Trainee: 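One structure, as structure tokens, below. Some questions next.
Note: hydrogens, waters and symmetry copies are ignored here, and every other heavy atom, side chains too, is used. Predicted, not measured: the structure shown is a model, and the values here were computed from it. All ligand and atom numbering here is 1-based and tracks the order in the structure.
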Amino acid sequence: MNFNRKHLLGLEHVSAEEIKLILDTAESFKEVLERPIPKVPTLRGKTIVNLFYESSTRTRFSFELAEKRLSADTLNFSASTSSVKKGESLRDTAQNIEAMKVDMVVIRHGAAGAAHYLSRCIKGTVINAGDGWHEHPTQALLDMLTIRERFNNFKGLKVAIVGDILHSRVARSNIFGLKTMGAEVAICAPRTLIPFEAEKWKVNIFNDVDQTIAWADILMVLRIQLERQAQNFFPSLREYHNYFGITRERLERIKRDITIMHPGPINRGIELDSDLADDAQYSVILNQVTNGVAIRMAVLYLLSGENKSH
Ligand code: CP
């Protein structure tokens with residue numbers, strides 16, 4: 001199957017066949033990453049810009065590493081040290097960078113829709129590395145690769161996303177991707193952190209974390225995004241932890257295996273007990289990070305069109 005997309009802006013309209021192709025391609029890149037010299041010449045001659053208007057550790061480094069592993073030339077842009085500080089717009093910034101002959105742009109931006117907008121401003125390929133509350137497609141893809149490695153397939157698997165759903169692009173991309181792949185999805189949060197649009201997602205909605213844990217095979221735990229909250233959605237972080245925190249005591253009550261995922265960064269002791277995050281019996285959090293490089297290699301490769309030229 002060919003991957004006939006120019007951009008990856010979200011997972012809402014990406015088919016099961018396309019997601020499977022990305023996951024299979026990432027698996028073959030994982031084999032490359034295990035080699036003594038983990039590098040292939042696949043994107044030699046391509047130039048990729050990482051345009052980050054928001055802070056990032058995992059996404060930024062794994063895109064950069066993926067580009068280097070594929071032998072692309074990379075440029076890294078931080079809004080805080082660029083002419084954005086002098087008032088330059090996103091459109092002008094991107095068009096000026098593209099004038100230097102760039103093939104692909106990876107963008108993270110605080111505004112929902114920034115990646116879509118950019119895809120209409122420039123001729124090159126755009127990859128959404130997280131746009132406001134909207135989508136974070138490569139995060140959901142690396143989450144799905146991690147799930148597939150542990151459970152082999154998605155059909156009938158019960159995945160509960162617990163935490164700040166309202167402000168979460170990770171939740172949206174995972175809901176779209178996991179449902180497309182046949183998983184059952186639930187969300188669990190205080191009512192104030194569940195958006196009105198959740199009704200349209202056709203997911204189970206829980207407000208009780210113990211019921212959620214009893215239902216789920218996988219808990220995808222999200223942090224409370226205090227930096228995006230202009231108002232108080234719950235009385236205090238301690239109260240949030242008491243009612244919605246994933247604790248060892250809660251998990252041990254169900255007396256069966258359950259898998260814990262988290263996209264990071266973790267607010268240890270708030271949404272998740274610190275020792276659970278590091279407990280290999282439950283947690284696949286660092287596997288998610290490892291898989292991020294292979295997924296981003298797969299996405300860059302498939303969008304570059306190199307898979308069609310052989
Ligand atoms: N999961 C994720 O997007 O992490 P960063 O913000 O560190 O990139």
Trainee: Parallel, tilted or perpendicular: which one describes the rings of F29 and Y301, with boundaries at 30° and 60°?
Mentor: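 It falls in the perpendicular class, over 60°.
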Trainee: Which of the atoms of ligand 1 are close to G264, meaning less than 4.0 Å from one of its heavy atoms?
Mentor: 1 (N), 2 (C), 4 (O)
Trainee: Below 4.5 Å, heavy atoms only, C-beta onward: do W201 and R172 meet side chain to side chain?
Mentor: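 W201 vs R172: side chains touch.
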Trainee: Looking only at distance, does P263 have an N or O less than 3.5 Å from an N or O of ligand 1?
Mentor: yes
Trainee: Among all protein heavy atoms, pick out the one at the shortest distance from atom 4 (O) of ligand 1; state its residue, atom name and that distance to 0.1 Å.
Mentor: R58 NE, 3.0 Å
Trainee: Please determine whether any non-hydrogen atom of G130 lies less than 4.0 Å from an atom of ligand 1.
Mentor: no
Trainee: Does this structure show an ion pair linking D210 with R250, if we count only N-O contacts that are shorter than 4.0 Å?
Mentor: yes
Trainee: Going by the angle between their ring planes, with limits at 30° and 60°, are F77 and Y53 parallel, tilted or perpendicular?
Mentor: tilted
Trainee: Taking atom types as modelled, is there a side-chain donor on R44 or S71 under 3.5 Å from an acceptor on the other?
Mentor: no
Trainee: Look at ligand 1 and say whether R108 reaches it with a heavy atom at a distance under 4.0 Å.
Mentor: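 Yes, R108 has a heavy atom closer than 4.0 Å to ligand 1.
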Trainee: Do the numbers put R108 on top of the ring of F52, so that NZ or CZ is under 6.0 Å from the six-membered ring centre and no more than 45° off the axis?
Mentor: no
Trainee: With heavy-atom distances below 4.0 Å as the criterion, list the atoms of ligand 1 near Q139.
Mentor: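 Ligand 1 atoms under the 4.0 Å threshold to Q139: 1 (N), 2 (C).
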Trainee: State the atoms of ligand 1, each with its element, that fall below the 4.0 Å cut-off from a heavy-atom position in T57.
Mentor: 5 (P), 7 (O), 8 (O)
Trainee: What protein heavy atom sits nearest atom 2 (C) of ligand 1, and how far away is it?
Mentor: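 Ranking protein heavy atoms by distance from atom 2 (C) of ligand 1, first comes T59 OG1, 3.5 Å.
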